[in-house]
Visitor: 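Okay, here's the structure, questions in a sec.
Since the model is a prediction, treat every value here as computed from it, not as a measurement. Values below: all heavy atoms of this structure, side chains included; hydrogens, waters and symmetry mates excluded.
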Amino acid sequence: MFQGDTVCSVIDFTPEIASELYGLCQFLYWNVLWQEESASSLYAWGKRYSEQPDEELFNCFMLQASLFRVTGPLLNGSSNVDKRIKLLDILLAAIR
């Protein structure tokens, strides 16, 4: 939600359609992967918020979060997805 040009609140509806782990992965996408352009610390960050996240499930949700961030702009007609595709590639390389 915005107040003028300032973000004053964030409403996250992901728990309605997916687990809280997916919500965490969306958060980590923007605050870790987007900022660092590296996937090396993602799982460690995930462990901070969830005592024993299943690594395979965590990777699946990280992929889903990353794919969503590429697909959304493409569906809206934007072609400005270079960094998002780069991050998807970084994530896939880390999972392999």
Visitor: Any idea how Tyr29 and Trp34 line up, ring-wise: parallel (<30°), tilted (30 to 60°), or perpendicular (>60°)?
Guide: tilted

Visitor: Less than 4.5 Å apart, any side-chain heavy atom of Leu63 and any of Leu88?
Guide: yes

Visitor: So, taking the atom named CZ in Arg84 and the one named CG in Leu67, what distance separates them when rounded to the nearest 0.5 Å?
Guide: 12.5 Å

Visitor: Atom CG of Leu28 and atom CD of Glu36: how far apart are they, to the nearest 0.5 Å?
Guide: 10.0 Å

Visitor: If you measure from CG on Asn76 to OG1 on Thr71, what distance do you get to the nearest 0.5 Å?
Guide: 11.0 Å

Visitor: Mind checking whether Phe68 and Gln64 have side chains closer than 4.5 Å, heavy atoms only?
Guide: no

Visitor: Which heavy atom in Ala39 sits nearest to a heavy atom in Ile90, and how many Å separate them?
Guide: N-CG2, 3.8 Å

Visitor: Can you tell me how far apart CG (Leu33) and CD (Gln26) are? Round to the nearest 0.5 Å.
Guide: 11.0 Å

Visitor: A quick test of your reading: do over 12 heavy atoms of other residues, nucleotides or ligands sit less than 6.0 Å from NZ of Lys86?
Guide: no

Visitor: Measuring from Leu57:CG to Cys25:SG, what's the distance to the nearest 0.5 Å?
Guide: 8.0 Å

Visitor: What closest approach, in Å, do Ser41 and Val32 show between heavy atoms, and which atom pair accounts for it?
Guide: OG-CG1, 3.5 Å

Visitor: What is the minimum heavy-atom distance between Val81 and Val70, and which atoms define it?
Guide: CG1-O, 4.0 Å

Visitor: Testing the basics here: between Met62 and Leu42, what is the closest heavy-atom pair and its distance to 0.1 Å?
Guide: CE-CD1, 3.7 Å

